[in-house]
Amino acid sequence: MVISVIGASHVFVPTDLAYLCLTPEALNEFNDRLIPVIAHDRAGFGSALLSVGLLVLMLALWGIREGERWVWWTFTIGAIPAFGAGIITHFFINYTDFIHLLPAYFTLLLYVTGVIANAPFLLKNSGSIKKPGGARNWTSPGFQYIDHSLTANSSPV
């Protein structure tokens, strides 16, 4: 969200300008469309991060159940492209200012800590109890699984 706000308003943070060795005025003088396209990219990137953050939040709120290995693997593998692109790209272009990358490093540390802390619970072998026919018997915050299937000896609810 912060990146979207910066992209739509200030466009640059101080470390950006130090890296570029240019002022916004000099960039604008070079090409008056450059700053708007950078703002557009920042706003889009910030919105994409917000969307992914909401997806991770929803999975964390409603997917974390004992033995749900797929949730752990989704968190673990799903983070590799995001953090890889977000951090490694800075090294490819030699934009390695520690203060600029500190939010990404901090977020990565929190994320890895969460994945490690959840591993014993999510990777437990017991898993959820499976009902005949493959349906699972489980509940999670705000949602309860109800089996509405009919058998030969049952009537509709």
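The first residue in the sequence is number 1, and the count goes up from there.
- Heavy atoms of other residues, nucleotides or ligands lying less than 6.0 angstrom from CZ of Phe121 number more than 12.
- Other cluster members for Ile80: none, since no ILVMFWY side-chain heavy atom sits under 4.5 Å from it.
- Side chains of Trp73 and Leu122 form no contact here, defined as non-hydrogen atoms less than 4.5 Å apart.
- Under the 4.5 angstrom side-chain criterion for Ile, Leu, Val, Met, Phe, Trp and Tyr, the cluster partners of Phe92 are Ile88.
- Counting all heavy atoms, side chain and backbone alike, Pro24 lies closest to Ile35 at O-CD1, 3.3 Å.
- Pairing each heavy atom of Lys124 with each of Glu66, the nearest pair is CD-OE2, 2.6 Å.
- Closest approach of Leu59 to Trp70, counting heavy atoms only: CD1-CH2, 3.7 Å.
- Partners of Pro36 according to the side chain to side chain contact (heavy atoms under 4.5 Å, CB included) rule, which considers only residues two or more places apart in sequence or in another chain, do not exist here.
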Show me the donor-acceptor pairs, under 3.5 Å and distance only, between side chains in residues 104-117 and residues at least two apart or in other chains.
from   : atom 1 : to     : atom 2 : distance (Å)
Thr107 : OG1    : Pro103 : O      : 2.7
Tyr111 : OH     : Phe75  : O      : 2.8
Thr113 : OG1    : Leu109 : O      : 2.7

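- Checked against side chain to side chain contact (heavy atoms under 4.5 Å, CB included), Asn31 has the following partners two or more places apart in sequence or in another chain: Arg33, Leu34.
- Under the 4.5 Å side-chain criterion, counting only non-hydrogen atoms from C-beta, Phe30 is not in contact with Leu22.
- From Phe45, atom CZ reaches atom CG of Leu50 across 12.0 Å, with rounding to the nearest 0.5 Å.
- Partners of Tyr95 under the side chain to side chain donor-acceptor pair (under 3.5 Å) rule, at least two apart in sequence or in another chain, are Thr15, Asp16, His100.
- Nearest approach of Val11 to Ala39, heavy atoms of both residues: CG2-CB, 3.6 Å.
- Partners of Ala18 according to the side chain to side chain contact (heavy atoms under 4.5 Å, CB included) rule, which considers only residues two or more places apart in sequence or in another chain, do not exist here.
- Taken to the nearest 0.5 Å, the OG1 atom of Thr76 stands 9.5 Å off from the CG atom of Asn118.
- To the nearest 0.5 Å, atoms CD1 (Ile93) and OH (Tyr19) are separated by 4.0 Å.
- Residues Phe91 and Leu101 are in side-chain contact: their nearest non-hydrogen atoms beyond the backbone lie under 4.5 Å apart.
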